[in-house]
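These figures come from a predicted structure and were not determined experimentally. Convention: sequence-line order gives letters A, B, ...; per-chain numbering from 1.
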Number of protein chains: 2
Amino acid sequence: MAKRGPYGKGEAKRAEILRVALEIFAEEGYRGTSLRKVAAACDLSLPGLMHYFDSKEDLLTQVLRVRDETARLRGAGEDDIEQVHHVIQEGAKTPGLVELFVSMAAAAADPGHPAHAHFAERYPLLRERATAAVRRAVDEGRYDTTIPPERVATLMLAVVDGIQLQWLIDRSVDMEQPFDDLLTLLRADDATRGPGGAGVSRG
Amino acid sequence: MAKRGPYGKGEAKRAEILRVALEIFAEEGYRGTSLRKVAAACDLSLPGLMHYFDSKEDLLTQVLRVRDETARLRGAGEDDIEQVHHVIQEGAKTPGLVELFVSMAAAAADPGHPAHAHFAERYPLLRERATAAVRRAVDEGRYDTTIPPERVATLMLAVVDGIQLQWLIDRSVDMEQPFDDLLTLLRADDATRGPGGAGVSRG
DNA sequence: GTCTATACGACGATAGAC
DNA sequence: GTCTATCGTCGTATAGAC
């Protein structure tokens, strides 16, 4: 199970494939990118590539996992709300990966799709973490609402996901503003409920 | 351009195809549904079907247009906010069409995709209407925020789109709750900022 | 275990007959 | 306006070399 022994090379190659695939999807978008093209970029034949994955959708799902992991690691140690901003900014640079994420989310509607398990784990996890952060903010008097923290967390995730659809069509849409505006609405101090002020304080 | 003359039959057939395609996508999901299957359901060969459309993506885009039109007509005369609830409830019954919508939104990231023009028209239109409704609510003192109406409108659209991604994975997610919660946060009367009350009043 | 060669069925697209 | 026939490409499956 570890990376030692005769599996070392295989694991390394698998990781390389995922890295290369992520690059290609980021640069050229995920649509119209065939597995044969990915294989060629890895100096591999198509079956050689498929040796490491059960199917195309399995590969795509693992690319998504890598992306999630990368974003998570870069935001390590930060506050949960900070991490959200970080992930948003990262996503805003790579339309191809946002496109991949949204497409996979649609495909994962089918319980039999490999990505279904991924999202089925991911959303509850994100909701839990966001819920904890919201609960803390309410307890400390920073947020002023009696809406249950779980529901506020669900609302936050919806905003972050949803703005991406608008952004995919029109890149001039500000991907951070709606989330910041939501935070403003949640904030206890009424003086900050307007746009003139600092919005969210960070940095 | 009208439905009269020798084009009458063609236009009728085109409408029938779109209606049948919508049905199939709603029942079986849009994934794994080939054009040959749609053609067969219309008693047509594949080229026979393609005579009416430039490409598969063109057909899909027009299916989306029909869906939008249908939802719009059913909500005619209602308040804009009411229409949102109507569209949400309608969508919640047909996962296959939500899946289609999300997939197309991702595909439309490419400016060359036929659906790009559709979304590029749709979002500004929805934003304008929502902006007007929000401005009215603020002017009448029903909403209490100094966030510009355009930004509140963008936030609303993000919530409605985003909750669909969560719902596609877990159908037990309430598609209306987040939007209602957002309205609660916007509402002027602080006594209604909690979940105990009526939430949004309608009907 | 790692990888190539080859082949299969299905897809969307198109040419040309009627 | 609709068909048959065909094309190129896709993801997938199998056989077997090393």
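Nearest heavy atom pair, residue V138(A) against residue T145(A), reads CG1-O, 4.4 Å.
OP1 and OP2 of dT2(D) both lie 4.0 Å or more from every side-chain N or O belonging to S45(B). Between H51(A) and dT2(C) there is a side-chain N or O to OP1 or OP2 distance below 4.0 Å.
When rounded to the nearest whole Å, the span between CZ of R31(A) and C1' of dT9(D) equals 15 Å. For the pair Y52(B) OH and dC3(D) C1', the computed distance is 13 Å after rounding to whole Å. Following rounding to the nearest Å, L59(A) (CG) and dC10(D) (C1') show an atom-to-atom distance of 15 Å. Note: NZ (K9(B)) to C1' (dT2(D)) measures 9 Å, nearest angstrom.
Rounding to the nearest 0.5 Å gives a distance of 8.5 Å between CG of D110(B) and NE2 of H116(B). If you take CZ on R142(B) and CG on D139(B), they are separated by 9.5 Å, rounding to the nearest 0.5 Å. Here the OH atom belonging to Y52(A) is positioned 9.0 Å from the CD atom belonging to E11(A), to the nearest 0.5 angstrom. Here the straight-line distance linking atom CG of D181(B) with atom CZ of R151(A) works out to 4.0 Å at 0.5 Å rounding. Note: I24(B) CD1 to C42(B) SG = 6.5 Å, rounded to the nearest 0.5 Å. Here CZ of R67(A) is found 5.0 Å from CG of L97(A). Values are rounded to the nearest 0.5 Å.
Residues of residues 104-114 of chain A having a heavy atom closer than 4.0 Å to DNA chain D: none are found. Contacts between residues 14-28 of chain B and DNA chain D, counted as heavy-atom distances below 4.0 Å, involve no residue at all.
Under the side-chain contact (heavy atoms from CB on, under 4.5 Å) criterion, V84(B) pairs with I88(B), V160(B), F179(B), not counting sequence neighbours.
Aromatic rings from F101(B) and Y30(B) are positioned such that their centres are separated by 6.0 Å or more.
Counting only residues at least two apart or in different chains, side chain to side chain donor-acceptor pair (under 3.5 Å) contacts with residues 119-132 of chain A comprise R65(A)-E121(A), D68(A)-R122(A), Q83(A)-R129(A), Y123(A)-D161(A), R127(A)-Q166(B).
Distance alone, capped at 3.5 Å, places no donor-acceptor pair between the H51(B) side chain and the P47(B) backbone.
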- Note on the structure: A correct dot-bracket answer for DNA chain C, with pairs being Watson-Crick or G-U at under 3.5 Å, [ ] for crossing pairs and | for inter-strand pairs, is ||||||||||||||||||
- Item | Reading 5' to 3' through nucleotides 12-18 of chain C, protein heavy-atom contacts under 4.0 Å coded B for base, S for sugar-phosphate only, - for none | BBB----
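Of the candidates L157(A), L155(A), V152(A), V159(A), L155(A) is the only one forming a side-chain contact (heavy atoms from CB on, under 4.5 Å) with P178(B). Residue R74(A) forms a side chain to side chain donor-acceptor pair (under 3.5 Å) with just one option from H86(A), E69(A), E90(A), and that option is E90(A).
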